[in-house]
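Side-chain atoms are counted along with the backbone in the values below, which use heavy atoms only and exclude waters and symmetry mates.
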Amino acid sequence: MAVRLCSIAGTSLAPSSEPVRLRRFLPVCQLSGDREPSGASPDAPGRLQRSPAEEFSSLALVFRRRLLVGIASASLVAVGANFAGVTSTVLGLAPEAGRTLRLDVLYPIEGYSRCWDPSFGFEFIYPATWVGDQRLLYRAAGRAELERSLDPPPLNSSPRRKSSIEPVAAFGPPGSTGELNVSVIVTPVPLDFAIEAFGGAKGVGETLIKKISGSGRPGIEATLIDSKAIPDSQSNIMYYNLEFEVESPSFRRHNVAVCTAHNGRLFTLNAQTPESEWQSVKDTFYRIANSFRLLDM
């Protein structure tokens, strides 16, 4: 009598009257590329010998893919956090493109960060190692606190007037006393105010020098060194770049300033340094001044 066998998951099951015999066998539908079963004869018909490299090629492909994904993820984290200056280094490969996108507001490019102030409508770059003027920040916080106050003003008081015009932005080296810094002052002017009325770049420079010398402080003398008008063809705004010295019995400073007016506002950027440090910072000052621009608003 013929014995009928049933193959299930690699075992041959005989009827209960026959002893159970385990044997190795190849599945009927073996996928191409599956590994040979352990102990299979290399000379068995229909069975292919595969090298270790061929057997593990699919695993190697998966490993390489996962390695690339891991490297890409780590790179994104490094770029996002500017870890070890990675982002700044990458942006330094195409600095103009990064500045056009204003990425230097977040990450320094070639050693410079960007001050971008949409509330007053201006921007410029400054050394990335410089920090914001803490005194200016404290005064701004104090003014904001007064504006938020819910207490009514006293009935017998008159509106307070500003004793001086304060900068809206200021940066300088950490721990400095303010002798070396860059600041921007924004003052209201009539809508029809035009700097050109002072007679070109030299006239603007001489007017500024007269105001400094006649400020009322004893012994203050200012000397104009250079003045030039730089037009912006896209916005039709004229920028006046000025270089001058200010001297008194107690100090001597070198200044680079930029003046321009637009929409009822006069903008003045001023970078100042002790005369003794001028040679070491003059290139930085020129770069700051040339970067000053009004925003399209």
**Request:** Walk me through it: do Phe198 and Leu208 pass the test side-chain contact (heavy atoms from CB on, under 4.5 Å)?
**Result:** CA-CA 10 Å; Phe198 293 101; Leu208 178 63; over 6 Å; no

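- In this structure the side chain of Val182 reaches within 4.5 angstrom of the side chain of Trp130, judged on heavy atoms.
- Between Pro167 and Ile185, the closest heavy-atom pair is CA-CG1, 3.9 Å.
- Looking at Asn270 and Phe244, their side chains come closer than 4.5 Å, going by heavy atoms from C-beta outward.
- Remark: side-chain polar atoms of Gln272 are paired, donor with acceptor, to backbone N or O of Gly178 under 3.5 angstrom.
- Contact check for Phe120 versus Arg265: side-chain heavy atoms found under the 4.5 Å cut-off.
- Smallest separation of non-hydrogen atoms from Thr260 and Leu266: O-CD1, 3.5 Å.
- The minimum heavy-atom distance linking Gly219 with Pro249 is given by the pair O-CD, 3.7 Å.
- Phe122 has its side chain within reach of Val186: a pair of non-hydrogen atoms, C-beta onward, lies under 4.5 Å apart.
- Looking at every heavy atom in both residues, Ala201 comes nearest to Ala229 through CB-N, 3.6 Å.
- The minimum heavy-atom distance between Leu295 and Asp117, with the atom names listed, is CD1-O, 3.7 Å.
- Transitive grouping of hydrophobic side chains (ILVMFWY, heavy atoms separated by less than 4.5 Å) brings Met238 and Phe193 into a common cluster.
- The nearest pair of heavy atoms linking Ile212 to Ala222 is CG2-CB, 3.9 Å.
- No donor-acceptor pair closer than 3.5 Å links the side chain of Arg253 to the backbone N or O of Leu180.
- Residues Ile288 and Val256 are not in side-chain contact: their nearest non-hydrogen atoms beyond the backbone lie 4.5 Å or more apart.
- Between Trp278 and Phe285, the ring-plane angle classifies as perpendicular under the 30° and 60° cut-offs.
- Placement of Val184 and Tyr286 within a single hydrophobic cluster is found when ILVMFWY residues are connected by side-chain heavy-atom separations under 4.5 Å, directly or transitively.
- With a 4.5 Å cut-off on side-chain heavy atoms, Asn255 and Val246 count as touching.
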**Message:** The test is side-chain contact (heavy atoms from CB on, under 4.5 Å); show your working for Glu196 and Tyr240 and say whether it passes.
**Reply:** CA-CA 10 Å; Glu196 292 78 6; Tyr240 294 89; 3.2 Å; yes

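- Atom CD of Glu221 is surrounded by 12 or fewer heavy atoms from other residues, nucleotides or ligands within 6.0 Å.
- Looking at Thr284 and Pro127, their side chains come closer than 4.5 Å, going by heavy atoms from C-beta outward.
- In the hydrophobic clustering of ILVMFWY residues, with side-chain heavy atoms under 4.5 Å counting as a link, Phe251 and Ile209 come out together.
- Under the 3.5 Å distance criterion, the side-chain polar atoms of Thr268 are left unmatched by any main-chain donor or acceptor of Cys259.
- A distance-only check finds no donor-acceptor pair linking the side chain of Thr273 to the backbone of His254 [under 3.5 Å].
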**Request:** Please test Asn290 against Asn241 for side-chain contact (heavy atoms from CB on, under 4.5 Å), starting from the C-alpha separation and ending with a verdict.
**Result:** CA-CA 8 Å; Asn290 291 332; Asn241 287 27; 3.3 Å; yes

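- Put simply, the side chain of Phe124 reaches to within 4.5 Å of the side chain of Phe171, judged on heavy atoms.
- Rounded to the nearest 0.5 Å, atoms CZ (Arg293) and CD (Gln234) are 9.5 Å apart.
- Cation-pi check for Arg287 over Tyr112 is met; the charged atom lies under 6.0 angstrom from the ring centroid and within 45 degrees of its normal.
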